[in-house]
Each structure stands twice: as C-alpha cells, then as structure tokens.
Amino acid sequence: MRDDIEKILIDEEVIHRRLDTMAARIEKDFPEDTLIAIILLKGALVFAADLLRRVPRKLEVECLNVASYHGGMESSGTVNFLDRHFPEVKDRHVLLLDDILDTGRTLRAVADRLIEEGAIKVHTAVLLSKDKARAEDVEADYVGFAIADEFVVGYGLDYQGKYRNLPYVGVLKQSAI
Ligand code: 5GP
Ligand code: MG
C-alpha cells in the first residue's frame with residue numbers, strides 16, 4: 001500500500017498535533033452535554049475517531065452515509081443519502097464531521113437536511129479544506145488543514161475504496177491510478 005504513495009502531504013504526528021488544537025476549541029465552544037456529533041461515513045471515520053476522543057465533553061455520536069464521489073476521483077455533483085433512518089436532531093446543536101471540503105455540495109446538502117430535521121444549528125468540522133472556489137456557499141467552522149486542489153488519500157480518504165487506513169494524508173503515484 002505505501003509503495004503506491006507519491007508523497008506524504010501531512011504526516012501522522014502533524015495531524016495529531018492539529019487535532020489537539022481543534023479539540024481544545026470545540027471543548028471551549030460547547031458546554032457539557034449539548035452536542036450531537038454526526039460523522040459522515042466512510043471518509044470522516046478516522047478523523048472523527050481521533051478528534052472526538054480528544055474532546056472531554058459528554059456528547060452523542062451518530063453516523064450518516066452519503067455518497068458523492070462514487071469511489072472515483074471526480075465529484076458526481078449529486079449527494080445521495082443512503083440511510084433508511086435519519087438521526088434525531090430536533091432542537092440540538094450538531095457538529096457535522098467530514099473528511100474534506102471540496103466543492104462544498106456534501107456539507108451544504110447535509111447541513112440543509114439537518115436544519116430541515118429541526119437542528120438548532122449545524123457546526124462543521126473537516127480535516128481538510130481544498131483551496132478552491134466552491135460550487136456551494138459553505139465553509140467549515142473547524143478546519144484541520146487547507147490543501148491545494150489535488151486528489152489525496154489516507155487518514156479516512158479513499159481511492160476506489162482503498163487507502164483509508166493509511167495513517168497520513170498523501171498523494172497517489174500515477175502508476176496506482
Ligand atoms: P464535496 O461535496 O465538498 O465536493 O466533496 C466532499 C466529498 O468528496 C468528501 O467527503 C470526499 O468523500 C470526497 N473528496 C473530495 N476531495 C477528495 C480527495 O481529494 N480525495 C478523496 N479521496 N475524496 C475526496
Ligand atoms: Mg466522503
């Protein structure tokens with residue numbers, strides 16, 4: 001697996017140090033027992049597990065399955081909700097966690113849906129934010145790292161379902177694509 005990586009963009013230690021800072025801010029921003037964290041699967045799984053364990057607050061955790069990339073390298077432009085049940089968010093503050101903010105369509109669509117379902121406010125956290133114009137007017141409240149507009153894998157992010165378990169964020173070799 002590691003032979004397929006052209007370069008490491010953000011190594012494990014740097015990610016972990018950044019998560020300490022993000023978690024401290026989240027802890028400061030939300031009182032005990034007010035928050036429901038919603039993890040967008042599967043991409044935000046690793047990020048959320050590492051981030052939320054650093055937040056010493058009582059909170060609830062839910063997951064949502066949405067698809068926009070369908071495993072390839074281009075955003076499909078539509079966001080599909082894949083779950084039969086939607087988490088109960090009425091009158092709650094939600095912390096929505098995703099791996100990466102790219103076109104913004106995913107965060108926009110999910111945040112809108114959460115508001116429709118009665119959430120008081122949707123706060124958003126992403127590990128990565130691509131430095132580019134968004135298709136939707138959305139920015140995240142908590143951002144791990146801003147990166148250039150290139151396709152990355154690792155630390156939860158996949159290419160055709162693989163590389164999510166790389167402990168760092170990297171760029172694939174041309175030969176692996
Ligand atoms: P958006 O809806 O903002 O365009 O895209 C968000 C989703 O697209 C992310 O949750 C992620 O699944 C996928 N995505 C966007 N950029 C990348 C990337 O560079 N690498 C990978 N693996 N997925 C990406
Ligand atoms: Mg994703």
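Numbering starts at 1 and runs along the sequence shown. No experiment lies behind these values; they were computed from the predicted model shown. Computation of the quantities below employed the complete heavy-atom set of this structure, encompassing side-chain atoms and omitting hydrogens, waters and symmetry-equivalent molecules. Just follow the structure's listing: the first ligand is 1, and inside any ligand the first atom is 1.
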Would you say E6 and Q174 make side-chain contact, with heavy atoms under 4.5 Å? no
Tell me, please: is G43 in heavy-atom contact with ligand 1, that is, under 4.0 Å? no
Going by heavy-atom distance to atom 4 (O) of ligand 1, choose the closest among L41, D98, V171, T103. T103
Looking only at distances, can you tell me whether any N or O atom of G104, backbone or side chain, sits closer than 3.5 Å to an N or O atom of ligand 1? yes
Could you tell me whether Y142 and H123 have their ring centroids closer than 6.0 angstrom? no
Under a 4.0 angstrom heavy-atom cut-off, which atoms of ligand 1 come close to K130? 16 (N), 17 (C), 18 (C), 19 (O)
Using non-hydrogen atoms of the residue, decide whether Y159 is closer than 4.0 angstrom to ligand 1. no
Enumerate the atoms of ligand 1 whose separation from the nearest heavy atom of E150 is less than 4.0 angstrom. 19 (O)
If you measure from each heavy atom of D158 to ligand 1, is any distance below 4.0 Å? yes
Step-by-step salt bridge (charged side-chain N to carboxylate O under 4.0 Å, His left out) determination, K132 to D102: CA-CA 8 Å; K132 68 191 277 190; D102 182 16; 2.6 Å; yes
Under 4.0 Å from ligand 1, counting heavy atoms only, is it the side chain of R134, its backbone, both or neither? neither
At under 4.0 Å between heavy atoms, is it the side chain or the backbone of D99 that contacts ligand 1, or both, or neither? side chain
Any side-chain donor near an acceptor of the partner, N165 and Y155, under 3.5 Å: no
Answer yes when D20 and R54 have at least one side-chain N-carboxylate O distance shorter than 4.0 Å, and no when they do not. yes
Out of curiosity, is E136 lining ligand 1, as in a heavy atom under 4.0 Å away? no
Can you confirm whether V110 sits close enough to V66 that some side-chain heavy atom of one is under 4.5 Å from a side-chain heavy atom of the other? yes
Any idea which part of V152 is under 4.0 Å from ligand 1, heavy-atom wise: side chain, backbone, both or neither? both
Please check if any side-chain donor atom of S129 sits under 3.5 Å from a side-chain acceptor atom of R134, or the reverse. yes
Measure from the side-chain N and O atoms of R164 to the backbone N and O of L157, and report whether any donor-acceptor pair falls under 3.5 Å. no
Does ligand 1 have any atom that is closer than 4.0 Å to a heavy atom of R108? no
